[in-house]
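The sequence lines fix the lettering, A, B, ..., with proteins before strands; numbering per chain opens at 1.
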Amino acid sequence: MSTVEEFIAFLRSLSDKWSHRYEEDRVFESDPADSVPKYFVTAAYMYPSGPIHVGHGRTYLVADVVARFKRLLGYNVLFPMGFHYTGTPVLVRVEAIVENNTKEIESMSRAFNVDVDTLRSLRDPVSFARFFHELSKEVMKRYGLSIDWRREFTTIDPEYRDFIRWQFYKLLKLGLLIKGTHPVGWCPRHNMPVSMHDTEGDVEPEIGELTLIKFRDSEGIIYPVATLRPETVLGVTNVWVNPDVRYCLTEVDGETWLISCSAVHKLRYQLKKVEVLKEVEGATLVGKTLQNPVTGDEVRVLPAPFVSQKFGTGVVMSVPAHAPYDFAALRDYVNTVLQGSWPDELRPRPLIRVQGYGDIPAKDVVEALGVSSQKDVEKLEEATRRVYRDEFERGVMRDDVTTYVKIARRDVIDFLRDNVAGKPVREARENVKKLLTALGSFDRMYEVLNAPVYCRCGTEIVVKILENQWFIDYGNESWKRLAREALAGMRIVPEESRKGIEATIDWLKERACARTRGLGTELPWEPGWVIESLSDSTIYMAFYTVIHRIRSLGISPERLGEYFWDYVFLGVGNPAEVAAKAGISVSDLESIRREFTYWYPLDSRHSGKDLIPNHLTFFIFNHAAIFPKELWPRQIVVNGWVLVEGAKMSKSKGNVKLLGNLINAYSPDALRLGIALSAEVEQDLDLSEDIILSAARQLMRIYNTIRELSERVRAIDGRPQDRWLRGVLRQHVSSYIEELENVRLRSAAIRVYMKMLEDLETYLKWAGEPGVAVKEYLTTWVKLMSPFTPFIAEELWSTLGGQGYVAKATIDKEIATRDPIFEVERRYVDLVVEDIRSVLEVVKGDSAVLYVSDRSSSHIVRTVAEMMMQGHEMNSILRKVSKDMARLGIKQVDRALRSIHEAVNYIGPENILRYYEEKGEFDEFEVINRYGGLIASKLGLKNITVYMASDPNAPDIAGRKQRALPLRPGIYVGSNTT
RNA sequence: GCGGGGGUGCCCGAGCCAGGUCAAAGGGGUCGGGCUUAGGCCCCGAUGGCGUAGGCCUGCGUGGGUUCAAAUCCCACCCCCCGCACCA
């Protein structure tokens, strides 16, 4: 095999061969084994609204590598997988198919790599999900995921639904579910809630609350002005209506309201009964006199074209001191209608002091920006943004606001003095709302702040208030405490993500957990409401542990129920009664319970980082609520995005890479290795073809090397080279374990596929003939590869005569420990090589002479190492050893010490001390002689000559003898040296 | 706005939490050499500046500070990315 393409084809054939064998021999079906330690790992199940893509592929690879790695260490590992049918996205796709939307169907066909006819046959949500579920599952198998498929389920399986009902009853009984009303974006045509992915242009409708303040005319008709800034009610000079808009006189919940006719239907979605009594032109309202409910002031209704009928009620209070629109409109009115003379009652009334502005901030900004009239929308928007922001953040209500109150109401004045005057705006706002409520003049409505937002069907979205809405109360403080406690006991990889989860626990409030459409489980006590997808996926890891047993024992879903799950998951109830109700024997029931207690708690949970602010945090919350402390999860691993050409994958960009396509193109092993090599787990991974191809090439080299070497190994042993190779292997194995324990996949992959090959080649170059140590090296090497590239590893394993599957092999404990003697020698040799190399940078030569210091100076090294271990700094070490060094004839003592310090640090003070402990001495002369061949071969030198610096018979070339320091030999580089 | 993460050499990216091992790992790119019929494979070396001996100078967003010593600690500032909910 000489080309990458041929090799990739070969890799594909290996994956076919071995994935079938995995399945036939049920290699990854895991059952409890009491004497063996367990490891339970899960990754977030996918939502099958399309085929599995490489983003899933990355998360699942990390989980799979961890699973296979733990098997290497001897754990009984369970890695299951399910499919999340709950939710709505699939509904939209099926809708397109049923409506015969050709454009949409063709776009799906391209994106999903599925032919149009097949897509057209998927005419209901379940068939659609089922199709992509099965397709994705086949890809997962080919990808080499070591999953126990007996435990697979979907979230609409009857057993799962029963399990979710159990969970929700639990939450209800714990007081963690609450009922209430909730505003949502709503499409009047579809009659259902809409969110970002249901809107044109994927706009998230922003819902804001407006305060309605009831101004009344002399007949008692209510003019509900809509505002985001109720605290400014004290500074109202007039009320605006748009003269060119139709207004409706209506009856709202028994009151008579005057509102724009466009507001009528909006209010109807917000739990108001609205009846239209009569329509009037806005112009006819101008001139009416209204009473400000707080100040008692009589204000006029004036015309203003800027007032939108679409926003709020179409009736607006005018606060010219603090609202740029109002100031500009009033200025227009004064200039056109009143010929420029500004009457006293329309003068701006200052309410808020804010640094950087005068008494009338709106005027300042309008003039500073050069706003020409109320139609100068762009500048007015900017002016409004500034004033709003500065006043809200830094503004303080003036002390004299009470002087605006024109009625003799002591209680109102007292309230304003105590709760509004002198208070920051944000505080005053809330208090004014309270006051308005007390005065019977408060109401609220919701508005789409970034309107207009359109549903995909073209209908404009409104705000609807949903009743009977159930919330999971993540705002519950004692629950938050439990969640924090659970988090504190968990390992988070990468550790940086912990803060994100903590912050999420802090700000999480009530979460609406059910909705009116989509697949899933109905709330048992609220028909018509389906538990939404992020709420029915928080503790399902427990379900994996027992579902296959429920099925194999033939327990019918109708016989399940609270009693059953209580016993299986919590050990609550009488086993005999529970077994009888379930229709199984007590011993079978006990075995189900034992299966759960064997696997739980979950050891590692894997997902992408996008799930931190939702799923992963809910996962912690719900475990903390439902399970006892000892069953709380132990670890979360989050991975970064997969980027394509530097851009995030998204359906709209059409750059979603399907896992199946990549596997076909590159083979599972090359793809897996490419992904592992591309980025460490927390980083975003920019997937490039180059790196996958170079992974394939590297696999080819390794494969060829191993095949060829396994034939050539000879019965030689005991040479320095062989000991070196064994030492190197031990180093690699222990570093590999450290790396994978910390989920450093990339480092571990670089080690196994790059460094280990490099070291093997160094050995071969140095040793010439491969000894039996090579055989050991290869066998372990293949094991280390198996988590990353399982198929080629299986093939090589059988080539090397391994028993069974390498997927089931374990690492020799002995080999997994470091050898401190070897460690010191290797590092020392590396240091010498680097030193010689740095000389070779300035002088050319083909041979080197080394002068090593003798044992009489080794106590200096020991002292330096000891002092470093104790945390001493350079200065104190110098004080301690300088005399000694001087006595040995070392010149420039401080510089020499720095050099020794550097060496000790590089080799590791603790390693050095252990070396002394075990061998008594560090004999540099002997070590360099032993490794001379390696040094020469690494540097490409013809020969290396070593002398003791203290040897009077050794020639002193170029005065290099005296350069010898402990751990830093004197070096002479030249040609033709004798 | 609130919250989280981050700014490192031509590029990507480690290191900073536990300051000296850091001119700064590992990739990629580029340059030189080798191998080869050839190379788009592979191997070796170089890749801030200076230097005929293991050294010196500059340097890790910007500006200050602490320290014998700072990419690493402290303060201020600038910039970038990601979440903010009923949506998987």
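If you check every strand for non-hydrogen atoms under 4.0 Å, A:Pro969 touches a base. Within 4.0 Å (heavy atoms only), A:Lys609 reaches no atom of the nucleic acid at all. Across all strands shown, A:His182 has heavy atoms under 4.0 Å from base atoms, whether or not it also approaches the sugar-phosphate. Here A:Ile750 lies in heavy-atom contact (under 4.0 Å) with sugar-phosphate atoms only.
Two rings, from A:Phe621 and A:Phe618, have their centers 6.0 Å or more apart. Separation of the A:Phe83 and A:Tyr47 ring centroids does not fall under the 6.0 Å cut-off. The distance between the ring centers of A:Tyr851 and A:Tyr972 does not fall below 6.0 angstrom. Remark: aromatic rings of A:Tyr85 and A:His133 are close, center separation under 6.0 Å.
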Please write out each protein N/O paired with an N/O of nucleotides 39-42 of chain B under 3.5 Å, distance rounded to 0.1 Å.
| residue | atom | partner | partner atom | Å |
| --- | --- | --- | --- | --- |
| B:C42 | O3' | A:Arg701 | NH1 | 3.0 |

Name the pairs: protein N/O against N/O of nucleotides 13-19 of chain B, kept only if under 3.5 Å.
| residue | atom | partner | partner atom | Å |
| --- | --- | --- | --- | --- |
| B:G13 | O3' | A:Gln683 | NE2 | 2.4 |
| B:A14 | OP1 | A:Gln683 | NE2 | 2.4 |

Using a cutoff of under 3.5 Å, can you pull out all pairs of nitrogen or oxygen atoms linking the protein to nucleotides 5-10 of chain B, with atom names and distances?
none

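Atom CD in A:Glu739 sits roughly 12 Å away from atom C1' in B:A25 (whole-Å rounding). When rounded to the nearest whole Å, the span between CD1 of A:Ile461 and C1' of B:C86 equals 14 Å. The CZ-C1' distance, from A:Phe83 to B:A88, rounds to 16 Å in whole Å. Computed from coordinates, the A:Lys509 NZ to B:G3 C1' distance equals 12 Å when rounded to whole Å. The separation between A:Ile971 atom CD1 and B:A53 atom C1' is 9 Å, rounded to whole Å. Summarising the geometry, the separation between CH2 on A:Trp641 and P on B:C82 is reported as 9 Å, rounded to the nearest angstrom. Spacing between atom CZ of A:Arg511 and atom P of B:C87 amounts to 9 Å, rounded to whole angstrom units. Atom C1' of nucleotide B:C86 and atom NZ of A:Lys464 are separated by 16 Å, given to the nearest angstrom.
Comparing B:A53 with B:U8, their P atoms are spaced 36 Å from each other, to the whole Å. B:G1 sits 26 Å from B:G13 when the P atoms are compared, rounded to a whole Å. Nucleotides B:G4 and B:G49, compared at atom C1', are 40 Å apart to the nearest Å. Distance check on atom P: B:C43 versus B:C60 gives 34 Å, rounded to whole Å. Only the P atoms considered, B:A76 is 26 Å distant from B:C82, to the nearest whole Å. Here, B:A24 and B:C56 have their P atoms 13 Å apart, quoted to the whole Å. Atom P of B:C81 sits at a distance of 34 Å from the matching atom of B:C31, rounded to the whole Å. With C1' as the reference atom, B:A14 and B:C22 are 12 Å apart, rounded to whole Å.
Neither side chain, A:Thr384 nor A:Glu381, offers a donor N or O lying under 3.5 Å from an acceptor on the other.
Every residue two or more places apart in sequence or in another chain that forms a ring-ring contact (aromatic ring centres under 6.0 Å, His included) with A:Phe112 is listed here: A:Phe132. The ring-ring contact (aromatic ring centres under 6.0 Å, His included) search around A:Tyr446 returns none, not counting sequence neighbours.
Counting all heavy atoms, side chain and backbone alike, A:Gly475 lies closest to A:Lys480 at O-CE, 3.6 Å.
In this structure, A:Glu526 contributes its side chain and A:Asn468 its backbone to no donor-acceptor pair below 3.5 Å. Side chain of A:Thr617 to backbone of A:Ile612: a donor-acceptor contact under 3.5 angstrom is found. Under a 3.5 Å cut-off, the side chain of A:Gln683 and the backbone N or O of A:Glu680 do form a donor-acceptor pair.
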Intra- and inter-strand pairs of RNA chain B in dot-bracket (Watson-Crick or G-U wobble, both distances under 3.5 Å; | for another strand): ((((((((.[[[..)....(.....]]]((((((.......))))))(((....)))...[[[[[..)....]]]]])))))))....
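Comparing A:Ile907 and A:Gln469 by the nucleotide of RNA chain B whose heavy atom lies nearest to each, the residue mapping closer to the 5' end is A:Ile907. Heavy-atom distances to RNA chain B give each of A:Asn614 and A:Glu758 a nearest nucleotide, and the one nearer the 5′ end belongs to A:Glu758.
With A:Phe128 as the aromatic partner, A:Arg93 does not meet the cation-pi criteria of under 6.0 angstrom to the ring centre and within 45 degrees of the ring axis.
A salt bridge is defined here as a Lys NZ or Arg NE, NH1 or NH2 lying under 4.0 Å from an Asp or Glu carboxylate O, and A:Arg511 with A:Glu532 meets this definition. Electrostatic pairing of A:Arg498 and A:Glu495 counts as a salt bridge here, judged by a charged N lying under 4.0 Å from a carboxylate O.
Heavy-atom neighbours of A:Lys509 NZ from other residues, nucleotides or ligands within 6.0 Å: at or below the threshold of 12.
One finds the CD1 atom of A:Ile178 at 7.0 Å from the CZ atom of A:Phe471 (value rounded to the nearest 0.5 Å).
Candidate nucleotides B:A88, B:G4, B:C86 were compared by shortest atom distance to the side chain of A:Ala503, and B:G4 ranks first.
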